[in-house]
Every structure is written in structure tokens, then in C-alpha cells.
Amino acid sequence: ACTKDTPRISGAEAAALAREIPDWAVKAERELEREFRFPDFSTALQFVNRVGDVAEGQGHHPDITLTWGRVGIRIWTHAVGGLTRSDFVLAAKIDALPH
């Protein structure tokens with residue numbers, strides 16, 4: 001888990017890491033954001049549960065919004081109030097989930 005001493009990243013390093021997860025938006029060099037679309041509520045909910053399992057395993061918990069056919073995810077490291085390498089790792093793991 002990240003602590004307040006975990007290095008925060010921004011600028012060129014954040015841009016380089018963002019190229020590895022092109023479907024995610026970097027917002028104000030502070031957080032990652034992505035929306036996933038699904039054919040119905042049930043499929044979206046199943047995806048949320050898979051994301052929850054990954055997040056719990058990593059000890060890093062994103063903000064998740066679930067609506068009919070859509071899942072929004074926002075990731076940042078709360079302890080540093082911005083982005084760390086762990087955020088990009090979690091985003092890549094979420095991308096690897098079936099959706």
C-alpha cells in the first residue's frame with residue numbers, strides 16, 4: 001500500500017506511463033479516469049465485482065460508478081493526493097479484465 005512518502009509522479013513520467021494505458025484519461029496530472037460500456041446492468045455489475053477483486057488484492061481502491069450499461073473508474077493515490085506508479089499498474093490490471 002502507498003503511504004504519504006510514496007513518490008508522486010507528474011509531467012513527463014506520467015505522460016510516458018499514460019501511453020501504456022491509452023484508453024485512460026489523465027486529469028490535471030492528479031488522477032486517471034476511464035468509462036467502460038456494457039450491454040446491460042448485470043454485465044456491468046459483474047465487471048465491477050472483478051475490478052473490486054483486483055483492487056482488493058492490490059490494496060488500492062478506485063472510485064467506481066455503476067449505472068445501467070456503464071462503469072466509471074477514477075484512480076489516484078489518496079495518501080499523496082495525486083498519481084503514483086501504483087495507479088498506472090492498477091489501471092493496466094483493470095484493462096486486462098474481460099469487458
Side-chain angles (χ1 to χ4, degrees):
C2 296
T3 68
K4 65 180 177 165
D5 298 323
T6 301
R8 185 174 172 175
I9 61 170
S10 61
E13 185 177 9
L17 290 169
R19 286 192 289 277
E20 300 294 322
I21 52 166
D23 294 324
W24 291 80
V26 177
K27 300 291 188 171
E29 293 188 356
R30 186 183 183 293
E31 65 185 46
L32 300 173
E33 185 176 271
R34 180 166 180 200
E35 182 176 273
F36 295 83
R37 295 195 175 258
F38 299 90
D40 53 44
F41 184 82
S42 178
T43 307
L45 179 59
Q46 291 169 23
F47 179 72
V48 166
N49 289 329
R50 288 192 296 274
V51 169
D53 289 342
V54 169
E56 195 63 25
Q58 193 169 328
H60 194 37
H61 305 97
D63 286 357
I64 302 170
T65 305
L66 169 64
T67 60
W68 194 99
R70 290 187 298 180
V71 174
I73 300 179
R74 291 176 47 224
I75 304 171
W76 75 95
T77 300
H78 297 84
V80 302
L83 291 170
T84 64
R85 292 185 74 77
S86 181
D87 300 310
F88 290 88
V89 169
L90 179 58
K93 287 182 178 183
I94 291 170
D95 279 349
L97 295 172
H99 57 275

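Note that the structure is predicted; figures quoted are calculated from it, not measured.
Every residue meeting the ring pair (Phe, Tyr, Trp, His ring centres under 6.0 Å) condition with W76, not counting sequence neighbours, appears here in chain and number order: H78. Every ring pair (Phe, Tyr, Trp, His ring centres under 6.0 Å) that F47 has, sequence neighbours left out, goes to F36, F38, H99. E29 is linked by a side-chain hydrogen bond (donor to acceptor under 3.5 Å, both in side chains) to nothing, counting only residues two or more places apart in sequence or in another chain. Looking at residues two or more places apart in sequence or on another chain, you find a salt bridge (Lys or Arg N to Asp or Glu O under 4.0 Å) between R74 and E31, D63.
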Checklist entry - Please walk me through it: do V54 and L90 pass side chain to side chain contact (heavy atoms under 4.5 Å, CB included)? => result CA-CA 8 Å; V54 169; L90 179 58; 3.8 Å; yes
Checklist entry - Do R34 and I75 pass the side chain to side chain contact (heavy atoms under 4.5 Å, CB included) test, and can you show the C-alpha distance, the side-chain angles, and the key distance before you say yes or no? => result CA-CA 9 Å; R34 180 166 180 200; I75 304 171; over 6 Å; no
Item to check | Chi angles and distances behind the side chain to side chain contact (heavy atoms under 4.5 Å, CB included) call for I94, I73 | outcome: CA-CA 10 Å; I94 291 170; I73 300 179; 3.9 Å; yes
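For the atom pair OG1 (T84) and CZ (R8), the distance works out to 10.0 Å, reported to the nearest 0.5 Å. To the nearest 0.5 Å, the span separating OG1 on T77 from CG on L83 amounts to 7.0 Å. Atom CG of D40 and atom CH2 of W68 lie 6.0 Å apart (nearest 0.5 Å). Of the inter-residue distances, the one linking F41 atom CZ with L66 atom CG reads 4.0 Å to the nearest 0.5 angstrom.
With hydrogens and angles disregarded, no donor-acceptor distance shorter than 3.5 Å links the side chain of R50 to the backbone of L97.
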If you look only at distance, which donor and acceptor atoms sit under 3.5 Å apart when one is on a side chain in residues 19-27 and the other is two or more places apart or in another chain?
residue	atom	partner	partner atom	Å
W24	NE1	D95	OD1	2.9
W24	NE1	D95	OD2	3.1

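Each salt bridge (charged side-chain N to carboxylate O under 4.0 Å, His left out) pair with one or both residues in residues 79-94, not counting sequence neighbours, appears once here: E13-R85.
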